[in-house]
Structure formats: C-alpha cells, structure tokens
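The block underneath contains the structure these notes are about, expressed in structure tokens.
All of these numbers come straight from a predicted model, not from anything done at the bench. Labels below follow one simple rule: chain letters A, B, ... track the order of the sequence lines, proteins then strands, and each chain is numbered from 1.
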Protein chains: 2
Amino acid sequence: MDNYNSEENSIIESLISIFTVNKGEVKILLFRKKTEPYKGYWMLPGNVLKSNESLEENINEYVLLKCGFSELYIEQCLVFSEINRIPDKRVVATTCIGLIDSKSVELKQEISSTIESEWFNISAIPKTIYDHAEIIGKSIDYLKERIINSNILKILFPSDFTLPELQKVYEQILDTELDRRNFRKKFINLGLIEDTGYKNEGYTGRPAKLYRFKENFEGKNLF
Amino acid sequence: MDNYNSEENSIIESLISIFTVNKGEVKILLFRKKTEPYKGYWMLPGNVLKSNESLEENINEYVLLKCGFSELYIEQCLVFSEINRIPDKRVVATTCIGLIDSKSVELKQEISSTIESEWFNISAIPKTIYDHAEIIGKSIDYLKERIINSNILKILFPSDFTLPELQKVYEQILDTELDRRNFRKKFINLGLIEDTGYKNEGYTGRPAKLYRFKENFEGKNLF
DNA sequence: ACAAAAGTGTTGCCAGTACACCCATGA
DNA sequence: TCATGGGTGTACTGGCAACACTTTTGT
C-alpha cells in the first residue's frame, strides 16, 4: 500500500473476554448495558481504540479503570468486521481473551464506576448485545485450542492448586469428561508441575495434594 | 461499550500474505514499493479498509483487482496496532494469510496494473517496508500451526499431487526434515487422501503415484 | 463406621520413530 | 547398465485409554 491519505477511517472497538476460575467454575466477565438499544442486556467489556495506544495498551488501561485489574494476561483472538454487525454503524471489533486468577480478582483496586458487572459461568451465558454471543463463542473456542496446545492455564493458577481442581477446569472448557488417573499421569509426567508437599485440608473426603506450576516451562500439545 | 460517538477514528489497512506452491517451492507474493519512503523495498499486498466492506471482502476485491485472483482462500492472522509501526502515521494493520494453488495463479484474470510483483521463496524474503518482515514471520508461524492442526494444504493441492511433493511442502513450512516412509504411512493411514491410479511419468527416476485429497474431510492434528 | 473425595497400577493398543532394501523409469 | 528417485516392511518405544480398589480425612 502506497497511500494512506484516505478518508476511509473506521471506528475500532476492542472487546475482551476475561476468564477466571472461581470456586472451581470457569467464568467470563460481562457488563450490563444501561442505555437503549439493548438496555439491560449483557455485553463484553471494551471501548473505542484511541490513536495514541495499541490494542493491548487500550485493553489494559480500560480494565484497570473499569474493573481495577492490573496486569491482565491478554492474547489476540479474531477481528469482526461485518458491515452490519452493529446496525447503522460501522464499527470494527478487534477481540482478545484475557485471563486473571481469582486472587487477583479479589485484590482488585478500588474503582469508582457505576458499571454493573457479573461473572457468568461459560455454560450459562445470558442474553447479549449485537454479535457478542458469537464473539464469546469464538473466544471460548480459542481458549479451548490454547489449553490444548499450551500451558496457558498457568495464568489462572499462579499459586497452589489441586489436580482435581485443574481437571475440572479442563473439563469445563473442553466440554468433556476426563479420566482422573490418566489426567494425573499426564500432568505429572509432563514435568510442568511440582508437588508443594502441602495438602488441601479442611474439606470433606481425603485431602488433595497441592501442586504448583514450575517456572519457565512452555508446555506443548497437552491433549 | 455504550457510546460510539468518538472522534477517535483509525485508519485500518488489511495486509495479506498469499502463499502458493510453485515447482515444489513454497512462495509468498510481494509487491514492490514505487514511492518514497522505502522506494524499491518489497511489501505485502494490502489496502485501506473502506466503510462498506468487511476485512475479507476488502481482501478479495483487492486481490482480484491487483492480482487477478478470484476466490482466494483466506484466514485471519494477527492485528498489528503499535502506534509507531508506521512513523508519523497511525495505521492499524489487520492481517490474513491467503492460499492459492499454482494452477489458479496461472489462470489468473487479466489485470491492468503497473504493480511490480514477485513470488519469493519463504526462506529468502527480501528487504521489506515498515514491520512487514515481522508480519510475514508471524504469517509463516500461523501457516505452520495450521498445516499441523488442519488439512489446510488441501487448498494448495486441489488436484493430483505426489506424496514426495506434499512432503517437501511440509518440510519447507515446518523447516525440518521428515522421514519418507513415515510420512507416507501417516498420510495414507489418516484416510484423507486417495490414490488416483495414475502416475507422474516423464521425470527421472521411478514415477510417483498421484494422489488427491478426498472431499469433505476435516483433518485434525496431523503432526 | 461410614461417607466423601483423592490417590494409585496394569494392561492393551495405536501412533510415532528409526532404519535398509527393492522397484520402475529414463538416459 | 546405471543413475535417479519412489515405494515398501519391521521392530521398538512411548503415549493414550480403559479400568477397580485402596487411602485419608471429617462427621
């Protein structure tokens, strides 16, 4: 391309599907829309890309401001550019997935915001605006691919976790059941986690061993 | 997001890494830049996204106009939004890979264009403008991931091919050597190709069998 | 003691890998 | 007949899947 002197500017919105694990459940963060149209429906967090920031900077700044999360882990997902994805407006959506561990969610910074937000189980997404349902679906597909081909879940478990916990997260995202014994064998043999020596006591049943992800280990093709 | 009444519009350029296989070599199509800055350097085909077309429509229309290719196979790659990827201009690049078989390249439609274009071996990319070298690198990485996890190469071989040909393409893209016997076994056992009964005669050495991809077969995790 | 949940071991199978010889053709 | 490149089989290994019983805790 030789020439950028075009009048054809576009509005770009960045949309982010933020996932966390809370009490063993995989959740996605949505905001409630407070104005017409689609008043009362839910939507992905996101905002208009400004000319002095990259997509990633834009999202980080936005989630800090609106959610109080600093240092959100981000990966790019897809671009949605269909002309009528928003009626009567041309808005190109660049989408990302974000991962944040539940402890960081608890420790989030104070925000002054009137946004109504809620974490939804990924198998129970509410009514959403425009094409956000499709975007959420693609984001979950992307996450699925990533937990198979990388150890991205390390982000969601920065400290100790039990193997049954980890397994349940895989099962929710992959939408399938896994064999406990084979799951253990696989993860332990992969060499990317280590036993902390501690146990997860205080629950009913036998206490589970606590593991942690090793540092500097880039996993490949887990499933 | 509630409000699109922003003054913060952006220029979006779509850039496409078009790959083909010609005489056994994997190639990418680049254009020569004819104006300063970077006059004489090479660049990815692409143009400014207009408000009445989606990313995919934009690319299809553009490659038909500038290259004469109709029905290019396209997949989305990454977005490049660093503020200074182009000095003094804010242009967001949405990138795709495209695949076209060599027969369709030969049969391309007549175009009236003064563009100087050339197919480059993917292991011998010339000097390129701005961040196009990085984009090309990421596109090849993406292609690598796709030929491992899908049978996308079917697009490059719509008609008969020999297994040694196919293997050489894998070797170039994965940048590794593969065992001939194991490669054959794998592809034949996968059940996604079939023997045409014909042979590739007229070359030195024993003629190779000609295979074709079966219809409606979505391969998974090939390597 | 019982209920609840976690930990463990064996076997069969299939896919991946390493490896060497024979075959069909053109020159 | 020779040079060139293509086709084939075997044995080993490691990962994956299927499967049932024992262990540790709280109540």
Side-chain angles (χ1 to χ4, degrees), chain A residues 21 23-25 144 147-151 157 160-172 174-212 217-223, chain B residues 21 23-25 144 147-151 157 160-172 174-212 217-223:
Chain A
V21 174
K23 297 196 178 65
E25 295 199 337
K144 206 177 286 194
I147 67 166
I148 290 173
N149 294 309
S150 81
N151 65 341
F157 294 101
D160 302 359
F161 58 89
T162 69
L163 281 177
E165 273 171 13
L166 190 65
Q167 181 179 342
K168 275 174 204 120
V169 172
Y170 269 94
E171 288 179 336
Q172 287 173 69
L174 298 180
D175 197 21
T176 183
E177 293 202 349
L178 300 170
D179 182 88
R180 192 153 35 99
R181 291 155 290 192
N182 295 334
F183 186 85
R184 296 185 71 79
K185 224 180 312 174
K186 173 148 200 164
F187 264 86
I188 290 169
N189 289 343
L190 273 170
L192 52 81
I193 62 175
E194 59 190 359
D195 195 334
T196 63
Y198 295 97
K199 289 186 177 180
N200 194 27
E201 301 181 316
Y203 298 87
T204 171
R206 175 173 176 172
K209 288 185 186 174
L210 287 167
Y211 292 85
R212 72 168 83 91
F217 197 103
E218 212 22 74
K220 279 282 163 191
N221 268 36
L222 272 47
F223 283 87
Chain B
V21 173
K23 298 196 178 66
E25 295 200 337
K144 206 177 284 193
I147 67 166
I148 290 173
N149 295 309
S150 81
N151 65 340
F157 293 102
D160 302 358
F161 59 89
T162 69
L163 280 177
E165 273 171 11
L166 189 65
Q167 181 178 343
K168 276 173 204 122
V169 172
Y170 270 93
E171 289 179 334
Q172 288 173 69
L174 299 179
D175 196 22
T176 184
E177 293 203 347
L178 300 170
D179 183 89
R180 190 154 37 99
R181 290 156 292 192
N182 294 336
F183 186 87
R184 297 184 70 80
K185 221 185 311 174
K186 173 147 202 167
F187 264 87
I188 290 169
N189 289 344
L190 273 170
L192 51 81
I193 61 173
E194 59 190 1
D195 194 335
T196 62
Y198 295 97
K199 290 187 179 179
N200 193 27
E201 300 182 318
Y203 297 87
T204 170
R206 176 174 175 171
K209 289 185 184 176
L210 288 167
Y211 292 85
R212 69 169 84 92
F217 197 104
E218 213 18 77
K220 280 280 165 194
N221 268 34
L222 272 47
F223 282 87

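Of the residues in residues 162-170 of chain B, not one comes within less than 4.0 Å of DNA chain C through any heavy atom.
With hydrogens and angles disregarded, no donor-acceptor distance shorter than 3.5 Å links the side chain of A:Q167 to the backbone of A:R184. Formation of a donor-acceptor pair under 3.5 Å by the A:E177 side chain with backbone atoms of A:E171 is not found in this model.
Along DNA chain D, the nucleotide closest to A:K185 and the one closest to B:K209 are compared, and the more 5′ of them pairs with B:K209.
As a whole-Å value, the separation of B:F187 CZ from D:dG7 P is 14 Å. Following rounding to the nearest Å, A:R181 (CZ) and D:dC19 (P) show an atom-to-atom distance of 9 Å. Across the protein-nucleic acid pair, B:R184 atom CZ and C:dT17 atom C1' stand 17 Å apart, rounded to whole Å. One interatomic measurement links the two molecules: CD1 of A:I188 to P of C:dT8, which rounds to 7 Å at whole-angstrom precision. Distance CD (B:E177) to C1' (C:dT17): 15 Å, rounded to an integer number of Å. For the pair B:D179 CG and D:dT8 P, the interatomic distance rounds to 14 Å; values are reported in whole Å. The separation between A:F183 atom CZ and D:dG15 atom C1' is 16 Å, rounded to whole Å. At whole-Å resolution of the value, CG in A:N182 and C1' in C:dC13 are 13 Å apart.
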Footprint string (nucleotides 21-27 of chain D, 5' to 3'): B base within contact, S backbone only, - free, heavy atoms under 4.0 Å: --BBBS-
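Residues A:F183 and A:D179 form no side-chain contact, since every pair of their non-hydrogen atoms from C-beta on lies 4.5 Å or further apart. You'll find the side chain of A:L190 reaches within 4.5 Å of the side chain of A:K186, heavy atoms only. Side-chain contact between A:I188 and A:Y211 is present, with heavy atoms from C-beta onward closer than 4.5 Å.
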Please list, one pair per line, the donor and acceptor atoms closer than 3.5 Å that link side chains of residues 192-200 of chain A to other protein atoms, with sequence neighbours excluded.
from	atom 1	to	atom 2	distance (Å)
A:E194	OE2	A:R212	NH1	3.1
A:D195	OD1	A:G197	N	2.8
A:T196	OG1	A:Y198	N	3.2
A:T196	OG1	A:L210	O	2.8

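One finds no side-chain N or O of B:K186 lying less than 4.0 angstrom from the OP1 or OP2 phosphate oxygen of C:dA15.
Here the straight-line distance linking atom NZ of A:K209 with atom CG of A:D160 works out to 14.0 Å at 0.5 Å rounding.
For B:A208, the side-chain atoms get nearest to D:dG7 when compared with the rest of C:dA6, C:dG16, D:dG7.
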Verdict with supporting geometry, A:F157 and A:V169, side-chain contact (heavy atoms from CB on, under 4.5 Å): CA-CA 11 Å; A:F157 294 101; A:V169 172; 3.7 Å; yes
